[in-house]
Amino acid sequence: MMDTQTQKLIDYCLLKKNNEELSATDLELLAELKGEKTSKVKIYIGAGTCGLGAGAAKIKLAASKYVAYNQIDAQFIDTGCIGLCAYEPIVDIHLPGFSRISFAKVTEENIQTIFDEVFVNKAPRTNVLGQFPSEERQWKNVNNIYDFPFLKPQKRIVLQNCGKINPVKIEEYIANGGYTSYLKAIREYTPAEVCDIVEKSGLRGRGGAGFPTGKKWKFAQTQEANQKYMICNADEGDPGAFMDRAVIEGDPHRLVEGMAIAAYAVGATKAYVYIRAEYPLAIEHLKVAIDQATKHGIIGKNIFDSGVDFEIKIKTGAGAFVCGEETALLNSIEGKRGMPRPRPPFPAIKGLFGKPTIINNVETLANVPDIIRNGSQWFASIGTENSKGTKVFALSGKIRHTGLVEVPMGTTIKDVIFSIGGGIKENKKFKAVQIGGPSGGCITEQNLEIPIDYDSLVKVGAMMGSGGLVVMDEDNCMVDVAKFFMDFIQRESCGKCTPCREGTKRMLEILESITTKPRTPEDSIERFNGILQLERIANTVKSTSLCGLGQTAPNPVLSTLRWFKEEYEQHVFAKRCPANVCSELKRFIIDNDKCTGCHACVRKCPTNAIHGTPKGTHYILEHDCIGCGTCFSVCKFDAIYIKT
Amino acid sequence: MDELEKLFENYDLSRDNLIPILQEIQEHEGYLSPESIALVGKKLKIPNSQVYGVATFYNQFRFVPKGKYNIQLCRGTACHVLGSATVLEEFEKHLDIKAGQTTKDGLFSLEVVACIGACGLAPAISVNGEVFAKVNRETVKAITSLYN
């Protein structure tokens, strides 16, 4: 239950009233809600999906045992993800009178030492990430957390609250300026004006295609209809992308506010969030956020006496990648098979249940509150000429610091990977970075200097996509990567249009044939035939498919063919995989000097490809070998090696 | 079946609730049986063929019961790059089932799912919703033994 004091503060923050009535204790509580001060010990646990995966639950248990044993009255708060996945589990401690201090890679073993020092007001030497800036007493020899190398080059708009505030406490969001943009929109602007502001800000869709958001809104805004819909596309299906999940887990109210503003701008009174079932925590947080906003009259009927109605329903996806395509998503909400519809008519004209509908991605909507608050000029001043604002990237793969980064558009890929991401793991050689998931392409070393924006990525055969950056090093085989995406896409192709359904399957078959060993003369011919057709099929699928999924499906193939032709040739002509990934193309050799003739490999070989008498010389018949590597792992004398 | 009947009380019996209803049935029963499909068809006045059509389109729906512990293995890019294929292989070998199947004792089922969004901790798996990070060939046995 909300006490009257908190209610008063919320009114103050939202409606800017009761200004003179704020007493000293009110101000104190406000500072507490803002996170500037604290009246009791607060322990923040980074408990997003990634934090939990790294063991946040165990750490929380260990921490609560510690405080119970030492009779410390502490409050535990689960926060979202600050983006430093590689440093999880992260624990922050906020002591009264001190600034909040953050620790990385906390384990059940080291938590005792860390806490021992913190609770005698000494900053530990190890595991410290940094401290949050505040006017309270600073920890000695501890850096500002935003000076941390991973965070310093970032500009956080969408992620500004993630990992900082309690995501399921609306008071904190409001105290930090939340929902004021929505109130400003419905009180000071007409819907057309809101569309104008967003159009002038230059915001483009963050889901992949990059269509100007304000323009899209205007299409729907000018439609006459008795019902319009607003849909948030949170069906973040791209493998390698998790920024939407982090936003919803860590700051769900931001999304609710963005949706409310979007709905007002186009005149929609009903909204849906279409979210993946694979994100249970995000769904939970979103539900809580919607309930809280409803309770405070931010969602509902006649919001703050403005005459505006707005409601949000959550629709859980059922695991179909194609439903990230907007028209397929509409069919899915309507309870049908998630197959795309031909466009036009565009959803803004005729969408959900035949009514004007706008569909926006999570990250796009999360930018909207700040655009309304600070104006279109402010947003347009960030980024490049045609790509404004920031972009959140999910860094993963063979990179030292995996996690979420938000940088201004126009930052180079090199900066993201090497300055923020810390370069390649184990000092291996960078090979490529795959951007945009199954619809995107690879960026190689020679293109690392290009600035990240919608247009320059297209020039090098990649695309922004949703912003997954999967880094690959010399140990990754690019043909295998293309095969992986093609396998993914052909499974997820909905089957409605022929080019995508058949083309992706054929492309996968070709990639499979060149990554396996030919068994018969026909196989060998097939390999050559296949590679000759691959590019043509890819271009056909690209130009003739119905929806975005098919039109972009060949991108990983075309992009790897363009930049790694040599690697393809090695697979086709020499039947070799230079990175030694494609197991059938691995060549295992027995070193006769080391082989003792123990016969262990002969017994384990699944295809009887190894011959030799016990205690005699052994050899592998290449023709029969399937490259499974069993002999390699079973040999106790290191007598078997992979020929490179 | 009576319990299932009750479940319909929370919904408008309109087409757009078809997927949520199927999801809730699966949550209750663990899978979609032919009987429950028929019941949904009857309640929503949609031909059974169309209910099947929708249910089979989406990866989430299963038509055989799953194990007590459902292992979801992520097949996302980051997990793939860091060796999820060998993890799958090891699970299949260790549990003696293929992906999509349930062990004979009904204890484990193995499922390959789209990216679970824990790319920073790849390769990742989730057992009944509990996420395990940086899984490799060696940790597979240890993870399954936690649930025996």
Side-chain angles (χ1 to χ4, degrees), chain A residues 49-50 52-55 57 81 84-86 88 236-242 244-246 276-280 282 315-321 323 332-339 353 394-398 402-404 434 437-438 468 470-472 476 480-481 484-485 487-488 491-492 494, chain B residues 11 14-24 26-27 40 44 46 50-62 72 74-86 89 111-126 128-135 137:
Chain A
T49 299
C50 35
L52 290 172
C81 171
L84 284 154
C85 299
E88 298 279 3
E236 184 179 49
D238 278 13
F242 51 99
D244 293 351
R245 190 208 64 195
R276 299 179 69 201
E278 287 90 340
Y279 289 173
K315 283 270 177 181
T316 324
F321 177 69
C323 290
S332 183
I333 293 183
E334 290 179 11
K336 299 174 188 155
R337 289 164 74 95
M339 288 176 164
F353 305 114
L395 281 180
S396 63
K398 305 279 180 69
T402 52
L404 284 179
Q434 157 76 31
V470 183
V471 178
M472 281 167 274
N476 290 112
D480 180 67
V481 170
F484 166 79
F485 282 118
D487 180 45
F488 178 84
R491 251 184 300 168
E492 294 295 342
C494 77
Chain B
Y11 291 94
S14 60
R15 175 76 190 237
D16 58 313
N17 278 326
L18 173 59
I19 296 171
I21 288 172
L22 290 174
Q23 282 171 330
E24 197 167 334
Q26 174 154 305
E27 206 170 289
V40 173
L44 266 59
I46 304 173
Q50 283 192 27
V51 180
Y52 258 117
V54 169
T56 50
F57 183 85
Y58 295 96
N59 297 324
Q60 188 191 11
F61 298 115
R62 43 168 63 237
Q72 293 184 316
C74 176
R75 64 151 193 249
T77 321
C79 290
H80 177 77
V81 170
L82 291 162
S84 64
T86 52
E89 218 172 76
E111 204 181 348
V112 179
V113 294
C115 181
I116 57 175
C119 310
L121 307 161
I125 66 156
S126 127
N128 284 5
E130 190 180 348
V131 178
F132 290 87
K134 297 183 180 161
V135 182
R137 219 179 249 276

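As the structure is a prediction and not an experimental result, all values here were calculated from the model. Throughout, a chain's letter reflects where its sequence line sits, starting with A, and its residues are numbered from 1.
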Quick one, [X] and [Y] - any side-chain contact, counting heavy atoms below 4.5 Å?
X        : Y       : answer
A:Lys336 : B:Gln50 : no
A:Glu334 : B:Ile19 : no
B:Glu130 : A:Leu52 : no
A:Lys315 : B:Asp16 : yes

| query | Which atoms form the tightest heavy-atom contact between A:Gly338 and B:Tyr58, and what is the distance? | reply |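 Smallest heavy-atom distance, with atoms named: N-OH, 3.1 Å.
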| Closest approach of A:Gly53 and B:Ala133, non-hydrogen atoms and distance? |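 The answer is O-CB, 3.7 Å.
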| query | Between A:Pro438, A:Gly317, A:Ala246, A:Cys81, which has the largest tally of heavy atom pairs under 4.5 Å with chain B? | reply |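 Heavy-atom pairs under 4.5 Å are most numerous for A:Gly317.
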Given that the side chain runs from C-beta out, which part of [X] has a heavy atom under 4.5 Å from chain B: side chain, backbone, both or neither?
X        : value
A:Cys323 : side chain
A:Glu492 : side chain
A:Ala394 : neither
A:Phe353 : side chain

| said: What verdict does the side-chain contact (heavy atoms from CB on, under 4.5 Å) test give for A:Asp480 and B:His80, after you've listed the backbone C-alpha separation in whole Å, the side-chain angles of each residue and the deciding distance to 0.1 Å? | reply: CA-CA 10 Å; A:Asp480 180 67; B:His80 177 77; 3.0 Å; yes
| said: Does any backbone or side-chain atom of B:Thr56 lie under 4.5 Å from a heavy atom of chain A? Answer side chain, backbone, both or neither. | reply: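 Contact with chain A involves the side chain of B:Thr56 alone.
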| task | Look at the side chain of B:Gln60 and the backbone N and O of A:Ala277, then say whether any donor-acceptor pair between them is shorter than 3.5 Å. | result |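 Side chain of B:Gln60 to backbone of A:Ala277, a donor-acceptor pair under 3.5 Å: no, none is there.
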